[in-house]
Student: 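Got a structure here, written out as structure tokens. Questions coming.
Atoms considered below: every heavy atom in the structure, side chains included; atoms not considered: hydrogens, waters and symmetry mates. All values derive from a computational prediction rather than experimental measurement.
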Amino acid sequence: MNQLNYQKELEKILDRLCGQSEMDVKVISETSAPTLFLHSCCAPCSSYVLEYLCKYFKITVFYFNPNISESAEYQKRVEEQKRLIATYNSEKKGFPISVIEGDYDPERFFEMSRGLENCPEGGERCFKCYDLRLRETAALAKERGFDYFGTTLTISPLKNAQKLNEIGFILEQEFGISWLPSDFKKKNGYKRSIELSAEYDLYRQDYCGCAFSKAERYGRLP
């Protein structure tokens with residue numbers, strides 16, 4: 001089975017929203033734009049994604065990351081997320097962007113990861129963490145009547161875009177809400193996120209957020 005090119009799948013959706021030729025260009029207005037409930041892992045990863053998508057969707061960012069083990073680290077990241085969104089809105093990059101902060105409950109992550117403590121980064125524990133965060137995103141997106149749900153996680157070269165999209169499509173069927181496929185690192189998306197992080201002086205963390213990734217990064221047990 002051939003692996004889907006998720007960036008091209010996303011572009012197909014954007015083409016349908018805008019029309020595929022100069023003779024068939026649709027004007028997307030704030031009243032006609034579809035709504036997107038977008039899980040975000042951090043401000044740097046969301047920077048390019050929001051810049052890219054805010055011309056097509058009315059976006060509500062869902063900051064839900066119980067995997068971030070330390071409260072001070074969590075607060076630093078969520079405040080950077082809110083600061084970036086406020087700046088983008090002031091610059092009128094596209095449709096106004098809203099933000100919702102999910103419950104911060106690290107014990108939920110540790111309960112999920114029980115028995116998987118020794119998995120390497122990028123393995124089964126990470127896949128279950130993807131599911132935890134995307135499942136909450138899908139459930140709230142359905143409850144609140146959004147047209148699509150998605151995640152910024154696919155911009156990272158360290159995250160498994162194939163697995164994230166597989167989980168997204170499973171949840172699409174389970175909850176009855178459209179998954180927005182993506183591989184945001186494509187087309188220089190990751191490079192652009194680094195440029196935007198420098199432009200807006202964003203705090204860029206050097207580990208994913210959980211105690212296990214921090215231990216692997218710094219060589220210390222959690």
Student: Less than 4.5 Å apart, any side-chain heavy atom of Val61 and any of Ser46?
Tutor: no

Student: Mark yes or no for whether Tyr88, through its side chain, and Ser47, through its backbone, hold a donor-acceptor pair below 3.5 Å.
Tutor: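 Checking the backbone N and O of Ser47 against the side chain of Tyr88, a donor-acceptor pair under 3.5 Å is found.
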
Student: Kindly determine whether Tyr63 and Tyr104 satisfy ring pair (Phe, Tyr, Trp, His ring centres under 6.0 Å), including the steps that lead there.
Tutor: CA-CA 9 Å; Tyr63 192 86; Tyr104 176 51; 9.1 Å; no

Student: Do Pro44 and Ile155 have side-chain heavy atoms sitting under 4.5 Å apart?
Tutor: no

Student: Output yes when a side-chain donor or acceptor of Lys185 lies under 3.5 Å from a complementary backbone atom of Thr154, and no otherwise.
Tutor: yes

Student: Do Val78 and Asn65 make a side-chain contact, defined as non-hydrogen atoms from C-beta onward lying under 4.5 Å apart?
Tutor: no

Student: Are Gln205 and Glu73 close enough that a side-chain donor and a side-chain acceptor fall under 3.5 Å?
Tutor: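 There is no such pair (donor and acceptor under 3.5 Å, judged by atom type) between the side chains of Gln205 and Glu73.
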
Student: Is it possible for you to check whether Lys163 lies under 6.0 Å from the centre of the six-membered ring of Phe127, through NZ or CZ, and within 45° of that ring's axis?
Tutor: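 Checked: cation-pi criterion met.
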
Student: Heavy atoms only: give me the nearest Lys58-Glu30 pair and the separation to one decimal.
Tutor: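 In terms of heavy atoms, the two residues are closest at NZ-O, 2.8 Å.
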
Student: Between Trp179 and Phe149 (judged by ring centroids, cut-off 6.0 Å), do the two rings come close enough to count as a pair?
Tutor: yes

Student: Would Lys186 and Glu11 count as a salt bridge (Lys or Arg N to Asp or Glu O under 4.0 Å) here? Give the steps.
Tutor: CA-CA 12 Å; Lys186 298 286 184 68; Glu11 288 171 1; over 6 Å; no

Student: Assess the residue pair Glu79 and Arg83 against the criterion (salt bridge (Lys or Arg N to Asp or Glu O under 4.0 Å)); give the C-alpha distance rounded to whole Å, side-chain angles, the decisive distance to 0.1 Å, and a yes or no.
Tutor: CA-CA 6 Å; Glu79 289 308 316; Arg83 179 172 73 86; over 6 Å; no

Student: Which heavy atom of Ala138 sits nearest to which heavy atom of Ile177, and what is that distance?
Tutor: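 The pair with the smallest heavy-atom distance is O-CG2, 4.1 Å.
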
Student: How far apart are the closest heavy atoms of Asp147 and Ser178, and which atoms are they?
Tutor: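 Scanning both residues completely, I find the closest heavy atoms to be O-CB, 3.5 Å.
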
Student: Is there a donor-acceptor contact under 3.5 Å from the side chain of Ser156 to the main chain of Leu153?
Tutor: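 Not at all, since once roles are kept as given, no pair shorter than 3.5 Å links the two residues.
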
Student: Are any side-chain N or O atoms of Arg125 and backbone N or O atoms of Glu117, one a donor and one an acceptor, separated by less than 3.5 Å?
Tutor: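 Looks like yes, one N/O pair under 3.5 Å.
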
Student: Quick one: does Asn160's side chain get under 4.5 Å of Cys126's, heavy atoms only?
Tutor: no

Student: Tyr56 versus Ile13: any side-chain heavy-atom pair under 4.5 Å?
Tutor: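 Side-chain contact under 4.5 Å: no.
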
Student: Quick check against the 3.5 Å criterion: does Ser193 have a side-chain atom that pairs as donor or acceptor with the backbone of Tyr48?
Tutor: no

Student: What pairs of residues pass the salt bridge (charged side-chain N to carboxylate O under 4.0 Å, His left out) test when at least one of them lies in residues 32-52, not counting sequence neighbours?
Tutor: Glu51-Lys93, Glu51-Arg192

Student: Determine the minimum heavy-atom distance between Tyr74 and Gly102, stating which atoms define it.
Tutor: OH-O, 3.8 Å

Student: Which is it for Glu9 and Lys12 under the salt bridge (Lys or Arg N to Asp or Glu O under 4.0 Å) test, yes or no, and what are the steps along the way?
Tutor: CA-CA 5 Å; Glu9 294 302 306; Lys12 289 177 185 177; 3.1 Å; yes

Student: Which residue pairs pass the side-chain hydrogen bond (donor to acceptor under 3.5 Å, both in side chains) test when at least one of the two sits in residues 105-115, sequence neighbours left out?
Tutor: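 Matches after skipping sequence neighbours: Arg108-Glu136.
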
Student: Looking at Ile100, Thr35, Val99, Leu140, which hits side-chain contact (heavy atoms from CB on, under 4.5 Å) with Thr60?
Tutor: Ile100

Student: Would you confirm whether Asn5, through its side chain, and Gln7, through its main-chain N or O, come within 3.5 Å as a donor-acceptor pair?
Tutor: yes

Student: Of the non-hydrogen atoms in Glu80 and Asp201, which two are nearest, and what is the gap between them?
Tutor: OE2-O, 3.8 Å

